[in-house]
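Naming convention: chains lettered A, B, ... in sequence-line order (proteins, then strands); numbering from 1 in each chain.
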2 protein chains.
Amino acid sequence: MQLKNQVEWALHCCAILAGLGPDRHLPTKDLAELHGVPKEYLSKALQALSQAGIVEGTLGPSGGYRLARPAGAITFLNIVEAVEGRQSSFVCTEIRKNNPCRGSMSPAAAGDSRPCAIARVMWEADRAWRASLDGVTLAELAKTLEKTVPAPLLKKTAAWVEART
Amino acid sequence: MQLKNQVEWALHCCAILAGLGPDRHLPTKDLAELHGVPKEYLSKALQALSQAGIVEGTLGPSGGYRLARPAGAITFLNIVEAVEGRQSSFVCTEIRKNNPCRGSMSPAAAGDSRPCAIARVMWEADRAWRASLDGVTLAELAKTLEKTVPAPLLKKTAAWVEART
DNA sequence: TCTATTAAGGATATCAAATATCCGTAATAA
DNA sequence: TTATTACGGATATTTGATATCCTTAATAGA
Ligand code: FES
Ligand code: FES
């Protein structure tokens, strides 16, 4: 069980886009170079973010991507779900229905109107995971990065990005 | 991102074993038939549980599996980690190190002594997921099942299991 | 108008992991 | 002695993640 590497890429790309000036765009090519990942494949992740309404793509020269909403209105969960999907990590295949003892019982007596108790525990854990991710916004991440990334690297990267904008 | 189907199987098997009388064993063959899953493959999951010290296997006729600890001392997390492993769902590949701006900087100025802020958020969510799973024991699950599974099915299944013990 | 650049998406190839089966070994109860 | 069982190694099959390629349409700038 492992999230796609696209998730790490998408989060880092959003962090960069959050630092962009108003109405500036950064193309896939540069985002790929900045993170050292294959441009064509990263493009798929960015398309998913675009589909989810998290980023906006603009065509033509001087085009590229920017955030579609303020960074304070985008959470980690939004980004993770855009790339990874919204399905719970635990999928119940209803193996309880395979119990041979049910065979000779009336459908009523077999009684599985409510979800399996085991699945409910697993889904609750999934909910806790998503709640945790939904509690951190891109704006908060940007603040943390400003505090933890060394100033020279931060400044140099900002200039590098600005030059391609 | 999806947990293995083995997780659902292992949890249901443990729920059955938790209902066993003292010093009774249930073999893989019957656990597989009860849940309608391939015996040989289920065996792999049970071996993982055995390896983790959650269940105990006994050889020979009238052998099989039983819990290695009281049901109150076994959590969902124990079972999930036995089957799925302990690695976080989010794996950081350190793409921040691919930033071309780092190239001309001293290793000190590049400064990544601390884990990436993005990874820390993802790992915190993983921790929340595991904490949730660690908060429910097999004993509590058994209680819930007694309340929610119809009495006739519960009784019939108990008899079916007892007969193969 | 023409050209270069870009997002978007379809098609397809490659690779890794999950899923599943098969077999041999050793232990054990009857 | 025989049947039964856990255990582990080897291997096949299937699925999904990863990655590349190509076409289309939009757009900015020369
Ligand atoms: S039947 Fe799917 S978790 Fe119980
Ligand atoms: S470098 Fe891996 S999450 Fe930032």
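- In this structure, K29(A) places its NZ atom 12 Å from C1' of dA4(C), rounding to the nearest Å.
- Taking the side-chain hydrogen bond (donor to acceptor under 3.5 Å, both in side chains) definition, one finds that R120(B) meets it with nothing, sequence neighbours left out.
- Applying the side-chain hydrogen bond (donor to acceptor under 3.5 Å, both in side chains) test to pairs two or more places apart or on separate chains, none has a residue in residues 142-155 of chain B.
- Looking only at atom types and distance, the side chain of T157(B) has a donor-acceptor partner in the side chain of N99(A) under 3.5 Å away.
- Closest approach of C14(A) and L138(A) over heavy atoms only: CB-CD1, 3.7 Å.
- Here the P atom of nucleotide dA11(C) and the CD atom of Q47(A) are 14 Å apart, to the nearest Å.
- With sequence neighbours excluded, no residue forms a side-chain hydrogen bond (donor to acceptor under 3.5 Å, both in side chains) with R164(A).
- Side-chain atoms of E162(A) and R24(A), non-hydrogen and from C-beta on, do get closer than 4.5 Å to each other.
- Residues satisfying the side-chain hydrogen bond (donor to acceptor under 3.5 Å, both in side chains) criterion with K156(B), sequence neighbours excluded, are S104(A).
- In the hydrophobic clustering of this structure, V136(B) groups with L145(B); members are Ile, Leu, Val, Met, Phe, Trp, Tyr whose side-chain heavy atoms approach within less than 4.5 Å, directly or through other members.
- Residues from residues 30-46 of chain B that place a heavy atom under 4.0 Å from any atom of DNA chain C, listed by number: P38(B), E40(B), Y41(B), K44(B).
- Salt bridge absent: D134(B) and R130(B) never bring a charged side-chain N and a carboxylate O closer than 4.0 Å.
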Show the atom names and distances, to 0.1 Å, of all donor-acceptor pairs under 3.5 Å that link a side chain in residues 43-55 of chain A to residues at least two apart or in another chain.
from   : atom 1 : to     : atom 2 : distance (Å)
S43(A) : OG     : Q47(A) : NE2    : 3.0

Heteroatom pairs (N/O) under 3.5 angstrom, protein to nucleotides 26-29 of chain C:
none

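- Residue pairs meeting the side-chain hydrogen bond (donor to acceptor under 3.5 Å, both in side chains) criterion with at least one member in residues 25-41 of chain B, sequence neighbours excluded: H25(B)-T58(B).
- Residue pairs meeting the salt bridge (Lys or Arg N to Asp or Glu O under 4.0 Å) criterion with at least one member in residues 59-79 of chain A, sequence neighbours excluded: D23(A)-R66(A), E56(A)-R66(A).
- Near DNA chain D, defined here as any heavy-atom distance below 4.0 Å, the residues from residues 2-15 of chain A are K4(A), N5(A), W9(A), listed numerically.
- Scored by the side-chain hydrogen bond (donor to acceptor under 3.5 Å, both in side chains) test, Q6(B) finds no partners at all (sequence neighbours excluded).
- A 4.0 Å heavy-atom criterion places the boundary nucleotides of DNA chain D facing chain B at dA3(D) to dA17(D), written 5' to 3'.
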